[in-house]
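Numbers here simply count residues along the sequence, with the first being 1.
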Amino acid sequence: MIATTTALQALEDSQAQYKLVSSQLEAVAAALQDAPIGTEQHMSLASRAMQLKTQIKQLESQIDQLKDEAKTERSEEHTSELQSPYVIS
């Protein structure tokens, strides 16, 4: 159960980080629309948007991996409970 709790906590943390980065990207995208094309401000915002998009892709991959880990750990835990000679209530 401890391993599953750890995996679930890591998953929740990654999902919270994903939401934060997504909201940052939305703010940057809105500012980018208002920045005159070719200006330093526009280039800086475009660069920041690319960094945030990369971070989002990494978080998506991490979240998928953590979901798989949580499922695997829960499945293993459930299997050991089924194999136990004792009644678990």
Heavy-atom pair with the smallest gap, counting every atom of [X] and [Y]:
X     : Y     : result
Leu32 : Ala46 : CD1-N, 3.7 Å
Ser14 : Gln62 : OG-NE2, 3.2 Å
Pro36 : His42 : O-CB, 3.1 Å
Val21 : Ile56 : CG1-CG1, 3.5 Å
Ala7  : Leu66 : O-CD2, 4.5 Å

Review point. Would a distance-only check, ignoring hydrogens and angles, find a side-chain to backbone donor-acceptor pair under 3.5 Å from Ser61 to Gln58?
Key: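 No; zero donor-acceptor contacts below 3.5 Å.
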Atom [atom1] of [X] and atom [atom2] of [Y]: how far apart are they, to the nearest 0.5 Å?
X     : Y     : atom1 : atom2 : result
Ile63 : Asp68 : CD1   : CG    : 12.0 Å
Lys67 : Lys71 : NZ    : NZ    : 7.5 Å
Leu25 : Met50 : CG    : CE    : 10.5 Å
Glu12 : Gln9  : CD    : CD    : 5.0 Å

Exercise for review: Test Gln51 against Ser47 for side chain to side chain contact (heavy atoms under 4.5 Å, CB included), laying out the working first.
Suggested key: CA-CA 6 Å; Gln51 291 170 347; Ser47 175; 4.1 Å; yes
Exercise for review: Determine whether Leu59 and Val28 fall in the same hydrophobic cluster, where Ile, Leu, Val, Met, Phe, Trp and Tyr are linked whenever their side-chain heavy atoms lie under 4.5 Å apart.
Suggested key: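 Shared cluster, yes.
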